[in-house]
Structures are given as structure tokens and as C-alpha cells.
Peer 1: 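Dropping the structure in here first, questions after.
For this chain, numbers begin at 1 and follow the sequence in order.
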Amino acid sequence: MEQLKLTSPAVKEMDFLPVRYSAYGEDVSPEFVLEGLDKKGKTLAFVLDDMDHPTKPGFNHWLAWNIPLMNRIPEHLPKGRKKEQPFHIEQGIGYGFLRYRGPRTPIGETHVYRYTVFVLDSSLKLGLFPNKKALVKAMEGHIIQQAELNIRFTLNK
């Protein structure tokens with residue numbers, strides 16, 4: 001099986017994410033590109049975590065699942081628990097309540113953030129307002145592939 005690779009035209013591994021994709025900017029999700037996608041997969045799930053959060057390392061900003069298998073995820077995914085346009089997507093409760101919520105470090109601090117994508121062998125059934133713990137539990141035994149994109153963010157004002 002080919003290794004899955006997650007990239008984004010907006011930012012390279014360990015580079016600084018443009019402010020546009022942060023909570024200080026437009027707070028829209030960046031575009032993602034997947035290479036080496038296993039065609040046996042049925043759906044995708046995404047998680048965004050702040051790896052350097054001072055009190056909760058791995059603090060969750062965003063979780064999304066039941067995205068159809070595709071090589072390119074457009075930027076600016078819609079807000080809301082369950083949407084059908086531009087494709088089916090379901091989102092839960094992280095720092096972004098039922099939506100993407102980009103980096104929001106204290107001014108002058110730099111944090112590493114991790115986007116993780118999971119290729120799953122099925123769609124998932126989750127409760128009405130699930131959190132990351134519920135998503136991780138639901139994905140158990142269904143992950144075919146996963147990949148990460150680690151980025152940095154800082155706001156110097």
C-alpha cells in the first residue's frame with residue numbers, strides 16, 4: 001500500500017500558516033491535497049490540534065468526518081453540523097463549534113498545529129454533537145491510512 005501524503009497549497013510542512021486561515025483572519029480552512037490515497041477507502045476524517053497549547057497539549061480546534069474519498073479538499077469548508085455542499089461533511093465540537101476554527105495563539109507566541117487526515121473503510125455514525133474523543137472511538141478499527149501536516153502559527157502585532 002502506498003503511503004498517504006497530506007499537503008496544502010496554502011502552507012508547507014512546518015512553515016507559517018497565513019493569517020487568512022487563522023482565527024485572527026478569515027478563519028477559513030485551507031485547501032488540502034491527498035497523494036497516495038487508497039481507493040479501498042470510503043470516507044475521510046480531519047482533525048486539527050494545537051500541539052503547543054499551554055494547558056492542554058493537543059487541544060482540538062476542528063473535527064470533520066464522512067467526507068467522500070477525494071484527492072483535493074477545497075478551502076473554506078462550510079460551517080454547520082451536517083452539510084451537503086460542496087459535498088457531504090459532518091463536523092463536531094472542538095474549539096470551533098461545528099466548524100473549522102483555525103489557529104489562535106496568544107499574540108507573539110508560536111505554536112505548532114497538526115492537521116491529520118484519516119482514510120476510513122466506512123462512514124461513521126456519531127451523536128448529535130460529538131467531540132474528538134467520540135470521533136477517535138468511532139474510527140477504531142476503520143482507519144486504512146492516515147497522514148499529518150504540521151504547521152506553525154504566530155501573530156506578531
Side-chain angles (χ1 to χ4, degrees), residues 3-37 43-67 70-120 124 126-139 143 145-157:
Q3 184 172 346
L4 182 65
K5 184 177 180 184
L6 175 64
T7 60
S8 174
V11 64
K12 293 185 180 354
E13 178 78 14
M14 290 307 290
D15 275 355
F16 285 91
L17 186 72
V19 172
R20 175 172 194 258
Y21 303 103
S22 78
Y24 293 108
E26 295 174 44
D27 210 10
V28 297
S29 57
E31 177 181 354
F32 296 106
V33 178
L34 298 170
E35 296 174 40
L37 196 58
T43 64
L44 301 172
F46 277 88
V47 172
L48 171 61
D49 295 318
D50 179 348
M51 305 312 292
D52 292 324
H53 191 280
T55 59
K56 295 180 182 178
F59 181 75
N60 183 246
H61 274 242
W62 176 52
L63 58 148
W65 65 94
N66 287 346
I67 299 167
M70 61 182 78
N71 291 315
R72 188 172 292 274
I73 308 295
E75 71 175 23
H76 202 280
L77 293 175
K79 298 175 183 176
R81 159 102 176 65
K82 189 174 182 179
K83 296 292 182 177
E84 299 301 331
Q85 295 298 322
F87 46 77
H88 183 86
I89 182 173
E90 296 180 46
Q91 298 174 101
I93 299 175
Y95 182 55
F97 185 79
L98 306 176
R99 69 180 185 95
Y100 173 87
R101 180 64 168 187
R104 188 169 191 263
T105 57
I107 293 173
E109 288 187 24
T110 299
H111 287 199
V112 171
Y113 289 82
R114 178 174 295 150
Y115 292 97
T116 306
V117 62
F118 301 90
V119 177
L120 306 173
L124 302 175
L126 293 166
L128 199 52
F129 300 109
N131 58 17
K132 183 180 171 187
K133 183 177 178 182
L135 176 63
V136 168
K137 183 169 176 44
M139 289 192 302
I143 299 170
Q145 292 174 295
Q146 77 180 63
E148 299 172 352
L149 174 62
N150 295 287
I151 59 95
R152 294 181 291 167
F153 183 78
T154 191
L155 183 69
N156 294 311
K157 283 197 173 188

Peer 1: What's the separation between atom CD1 in I67 and atom CD1 in I89, rounded to the nearest 0.5 Å?
Peer 2: 4.0 Å
Peer 1: Do H88 and K82 make a side-chain contact, defined as non-hydrogen atoms from C-beta onward lying under 4.5 Å apart?
Peer 2: yes
Peer 1: If every non-hydrogen atom of V47 is compared with every non-hydrogen atom of N60, which pair is closest and at what distance?
Peer 2: CG1-ND2, 3.4 Å
Peer 1: Where is the tightest heavy-atom contact between L124 and M139, given as atom of each residue plus distance?
Peer 2: CD1-CG, 3.7 Å
Peer 1: Under 3.5 Å, is there a donor-acceptor pair between the side chain of D52 and the main chain of V112?
Peer 2: yes
Peer 1: If I compare all heavy atoms of K12 with all of I151, which pair ends up nearest, and what's the gap?
Peer 2: O-CG2, 4.1 Å
Peer 1: Can you find a pair of side-chain heavy atoms, one from L17 and one from Y115, that are under 4.5 Å apart?
Peer 2: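 Yes; the side chains approach each other to less than 4.5 Å.
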Peer 1: Which atom pairs, donor and acceptor, lie under 3.5 Å between side-chain atoms of residues 71-80 and protein residues at least two apart or in another chain?
Peer 2:
residue: R72; atom: NH1; partner: E31; partner atom: OE2; Å: 2.2
residue: E75; atom: OE1; partner: R20; partner atom: NH1; Å: 3.1
residue: E75; atom: OE1; partner: Y21; partner atom: OH; Å: 2.8
residue: E75; atom: OE2; partner: R20; partner atom: NH1; Å: 2.8
residue: E75; atom: OE2; partner: R20; partner atom: NH2; Å: 3.2

Peer 1: Looking at V119 and L44, what are the two nearest heavy atoms and their distance?
Peer 2: CG2-CD2, 3.8 Å
Peer 1: Look only at the side chain of H61 and the backbone of G102, and say whether a donor-acceptor pair between them is shorter than 3.5 Å.
Peer 2: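 At least one qualifying donor-acceptor pair exists.
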Peer 1: For the atom pair CG (L135) and CG (L126), what is the distance rounded to the nearest 0.5 Å?
Peer 2: 6.0 Å
Peer 1: In Å and rounded to the nearest 0.5 Å, what is the CG to CD distance from L6 to Q146?
Peer 2: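 Output value for this atom pair is 11.0 Å.
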Peer 1: When D49 is tested against each of R114, K132, K56 for side chain to side chain donor-acceptor pair (under 3.5 Å), which residue passes?
Peer 2: K132
Peer 1: Please report the interatomic distance CG(L149) to NZ(K5), rounded to the nearest 0.5 Å.
Peer 2: 10.0 Å
Peer 1: So, for V33 and P9, which heavy atoms are closest and what is the spacing to 0.1 Å?
Peer 2: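 Looks like CG2-CD, 4.1 Å.
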Peer 1: A side-chain contact here means heavy atoms from C-beta on lying under 4.5 Å apart; do H111 and P106 qualify?
Peer 2: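 H111 reaches P106 side chain to side chain.
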Peer 1: If I compare all heavy atoms of R152 with all of M14, which pair ends up nearest, and what's the gap?
Peer 2: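 Minimum heavy-atom contact is NE-O, 2.8 Å.
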Peer 1: Once you measure the plane-to-plane angle for F153 and Y24, does it fall in the parallel (<30°), tilted (30-60°) or perpendicular (>60°) bin?
Peer 2: parallel
Peer 1: Under 4.0 Å between a side-chain nitrogen and a carboxylate oxygen: does that hold for R99 and D27?
Peer 2: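 Result for this pair is yes, salt bridge flagged.
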Peer 1: With side chain to side chain donor-acceptor pair (under 3.5 Å) as the test, pick out the partner of Q91 among Y100, W65, W62.
Peer 2: W62
Peer 1: With a 4.5 Å limit on heavy-atom distance, are the side chains of L34 and M70 in contact?
Peer 2: no
Peer 1: To the nearest 0.5 Å, tell me how far E90 CD sits from L128 CG.
Peer 2: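 Rounded to the nearest 0.5 Å, the CD-CG separation comes out at 10.5 Å.
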Peer 1: Report the residues that fulfil side-chain contact (heavy atoms from CB on, under 4.5 Å) with T154, sequence neighbours left out, ordered by chain and then residue number.
Peer 2: F16, T110, N156
Peer 1: Hey, what do you get for CD (E13) to CG (D15), rounding to the nearest 0.5 Å?
Peer 2: 9.0 Å
